[in-house]
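One structure below.
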Protein chains: 2
Amino acid sequence: MSLREERKQKSHQAILDAALRLSSRGRAFSNISLRELSREVELVPTALYRHFKDMQQLGIELLDQTSLHIKSVLNQLGQAYFYQANTRTSTAIELFFQAVESHPEPWLFFISERWGGSDFLRSGIEREVHFLVEDLMHELEKMQSLQQMNAPQDLRGLAQILIDLSLTWAMRWISIQRLPEDIRHSHREACKAQTIIQMQLLLRGILHWQSSSQRTIADHPDSV
Amino acid sequence: MSLREERKQKSHQAILDAALRLSSRGRAFSNISLRELSREVELVPTALYRHFKDMQQLGIELLDQTSLHIKSVLNQLGQAYFYQANTRTSTAIELFFQAVESHPEPWLFFISERWGGSDFLRSGIEREVHFLVEDLMHELEKMQSLQQMNAPQDLRGLAQILIDLSLTWAMRWISIQRLPEDIRHSHREACKAQTIIQMQLLLRGILHWQSSSQRTIADHPDSV
DNA sequence: TGTACATCAGTGAACGCGCGTTCACTGATGTAC
DNA sequence: TGTACATCAGTGAACGCGCGTTCACTGATGTAC
């Protein structure tokens with residue numbers, strides 16, 4: 001690559017990084033101005049037009065990068081957890097929180113903007129979540145330990161709840177970083193413990209699953 | 001109440017309603033300007049200062065109102081579902097979606113701003129979510145059908161997952177309203193079916209729960 | 001009941017400011033010969 | 001290798017616009033007598 005191309009690509013990425021940084025400081029993407037971004041990245045406002053037509057195009061590229069990161073973390077952890085029978089739930093969850101903590105920015109952006117104020121990001125994120133759910137569903141289909149739960153709609157429901165909860169858990173973990181330092185440790189432990197309980201609640205549900213045709217009568221806690 | 005007071009209160013509420021309307025159209029609260037709001041409510045911008053010191057105070061009042069609505073819906077449905085053994089899960093979920101659909105605005109505001117771009121709303125909503133979880137936890141404590149799950153931390157984990165999922169489900173239901181009309185019906189049915197599956201997954205997990213001291217070994221799907 | 005004054009929700013002009021976008025430019029890098 | 005020209009990432013001035021906020025005001029409603 002030529003010197004000029006190299007430098008351009010570096011600026012390009014610096015702008016995206018600066019936008020992610022601003023978003024991670026708790027700003028809604030729809031509320032980040034081009035001029036503010038130009039200050040963050042230390043370029044003149046007009047320079048940004050050499051890289052992006054407008055903030056929307058920038059947002060779409062930012063979503064592409066953050067989605068890729070999230071996909072790779074979830075896939076990696078999913079593989080490790082579901083294909084290694086000796087992986088403890090608590091270990092898997094600790095690995096998850098560790099991954100989130102070491103790069104919280106993509107999670108913050110993805111989760112904040114999921115129901116946030118930009119139409120194009122909202123729909124883009126819903127598409128990405130859909131892909132995550134489909135991928136996970138096909139992974140779950142292959143698992144022998146899920147034989148009692150083989151109906152596609154059951155597996156999709158499970159995949160969806162796992163993705164939704166992952167995002168919720170990630171956000172709760174990140175929120176702890178914003179607390180005063182002296183209480184962080186106890187919150188982290190409580191968060192971990194609670195997440196493990198929730199995951200195990202799901203695992204017990206899976207273990208004792210009956211396909212929908214079998215469970216239409218007894219589906220209330222008091223009626224079983 | 002005097003005529004003047006009455007009219008003032010009416011304007012006051014009209015401003016809050018207009019803000020909720022703008023938020024429901026997909027705008028981030030942090031991105032709603034005082035002038036835009038004044039246009040929506042058909043008052044001159046400066047008139048808003050007679051009612052609110054600034055947008056933050058308005059946001060806090062708006063959060064109070066929306067929280068109250070959400071609390072009352074969740075409490076009502078929770079009572080109906082948990083205290084009537086003959087309430088089918090599918091019926092409870094249909095009632096929930098019906099409640100959300102008839103007044104989607106508070107849910108949209110609450111869920112969008114939960115991880116949104118305003119610090120004061122984020123912390124306010126987290127406080128409200130915490131109250132919801134505590135309330136639900138104490139309701140669950142009283143239930144005889146949850147005797148196998150009586151450790152406080154287990155109940156808190158359950159209450160938290162139920163609240164988090166309620167918000168996720170509400171948002172998914174509302175998102176369907178934004179789709180083209182001809183595919184809405186099928187999406188609604190799929191959403192309902194999937195939500196029922198997810199709720200039943202949790203119910204089976206509850207039924208077969210063992211308190212944490214009993215389950216430290218066998219907590220992986222493949223190891224049981 | 002009628003009058004004189006006080007209150008105060010809402011008005012409209014004015015302000016300074018940050019915004020997105022345009023445009024002509026600069027000067028380092030790339031290309032052709 | 002050296003020269004002459006082309007490209008183009010980044011610059012800086014300028015624009016019109018919507019913003020939050022101030023201020024003096026208006027006129028309907030409330031209050032005191």
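Below, chains carry the letters A, B, ... as their sequence lines are ordered, and counting in each starts from 1.
- The side chain of Val44(B) sits closest to dT11(C) out of dT11(C), dT11(D), dT21(D).
- In this structure, Lys71(A) contributes its side chain and Glu128(A) its backbone to no donor-acceptor pair below 3.5 Å.
- The side chain of Arg7(A) places no N or O atom within less than 4.0 Å of a non-bridging phosphate oxygen (OP1 or OP2) of dG30(C).
- Searching all strands for a Watson-Crick or G-U wobble partner of dA13(C) with both distances below 3.5 Å returns dT22(D).
- Of the listed nucleotides (dT21(C), dA9(D), dT7(D)), dA9(D) has the atom at the smallest distance from the side chain of Lys8(A).
- The side chain of Arg50(A) contributes no N or O atom lying less than 4.0 Å from OP1 or OP2 of dC8(D).
- Atom CD in Glu42(B) sits roughly 20 Å away from atom P in dA9(C) (whole-Å rounding).
- Taking atom CD on Glu5(B) and atom C1' on dT31(D), their separation rounds to 14 Å, with Å as the unit.
- Residues Glu101(A) and Gln177(A) bring a donor and an acceptor atom of their side chains to less than 3.5 Å of each other.
- Proximity of a side-chain donor or acceptor of Ser38(B) to a complementary backbone N or O of Val44(B) within less than 3.5 Å is not detected.
- Regarding Asp54(A), its CG atom lies at a distance of 12 Å from the C1' atom of dT21(C), rounded to whole Å.
- Nearest-nucleotide positions on DNA chain D for Ile32(B) and Ser11(A) put Ser11(A) closer to the 5' end.
- OP1 or OP2 of dG10(C) has at least one side-chain nitrogen or oxygen of His51(B) nearer than 4.0 Å.
- In this entry the distance linking NZ of Lys10(B) with P of dG10(C) reads 11 Å, nearest Å.
- When the shell of 6.0 Å around CD of Glu42(A) is examined, it contains 12 or fewer heavy atoms from other residues, nucleotides or ligands.
- The local environment of CD in Glu141(A) is crowded, with over 12 non-hydrogen atoms from other residues, nucleotides or ligands closer than 6.0 Å.
- Each of Tyr49(A) and Leu48(B) has a nearest nucleotide on DNA chain C; the 5'-most of these lies closest to Leu48(B).
- One interatomic measurement links the two molecules: CE of Met1(B) to P of dT29(D), which rounds to 16 Å at whole-angstrom precision.
- Regarding contacts with the backbone of dG30(C), a side-chain N or O of Ser2(A) is found under 4.0 angstrom from either OP1 or OP2.
- Pair assignment for dC33(C): dG2(D), on the basis of Watson-Crick or G-U wobble contacts that are both within less than 3.5 Å.
- Of the listed nucleotides (dG10(D), dG12(C), dC25(D)), dG12(C) has the atom at the smallest distance from the side chain of Thr46(B).
- Rounded to an integer number of Å, the gap from CZ of Arg4(B) to P of dG27(D) is 15 Å.
- Nearest nucleotide to the side chain of Glu36(A), out of dG10(C), dT21(D), dC19(C): dC19(C).
- Remark: the backbone N or O of Ala99(A) is not paired with any side-chain donor or acceptor of His103(A) at under 3.5 angstrom.
- Residue contacts shown for Ser33(A) are limited to sugar-phosphate atoms, with no base heavy atom under 4.0 Å away.
- For the pair Met55(A) CE and dG18(C) C1', the computed distance is 15 Å after rounding to whole Å.
- Of the nucleotides present, dC8(C) is the one that pairs with dG27(D) by Watson-Crick or G-U wobble criteria, both distances under 3.5 Å.
- Rounded to whole Å, atom C1' of dA9(D) lies 13 Å from atom CZ of Phe52(A).
- When each of dG10(D), dG30(C), dA28(D) is scored by its nearest atom to the side-chain atoms of Leu43(A), the top-ranked nucleotide is dG10(D).
- With hydrogens and angles left out, the side chain of Arg35(A) and the base of dG18(C) share no donor-acceptor pair within 3.5 Å.
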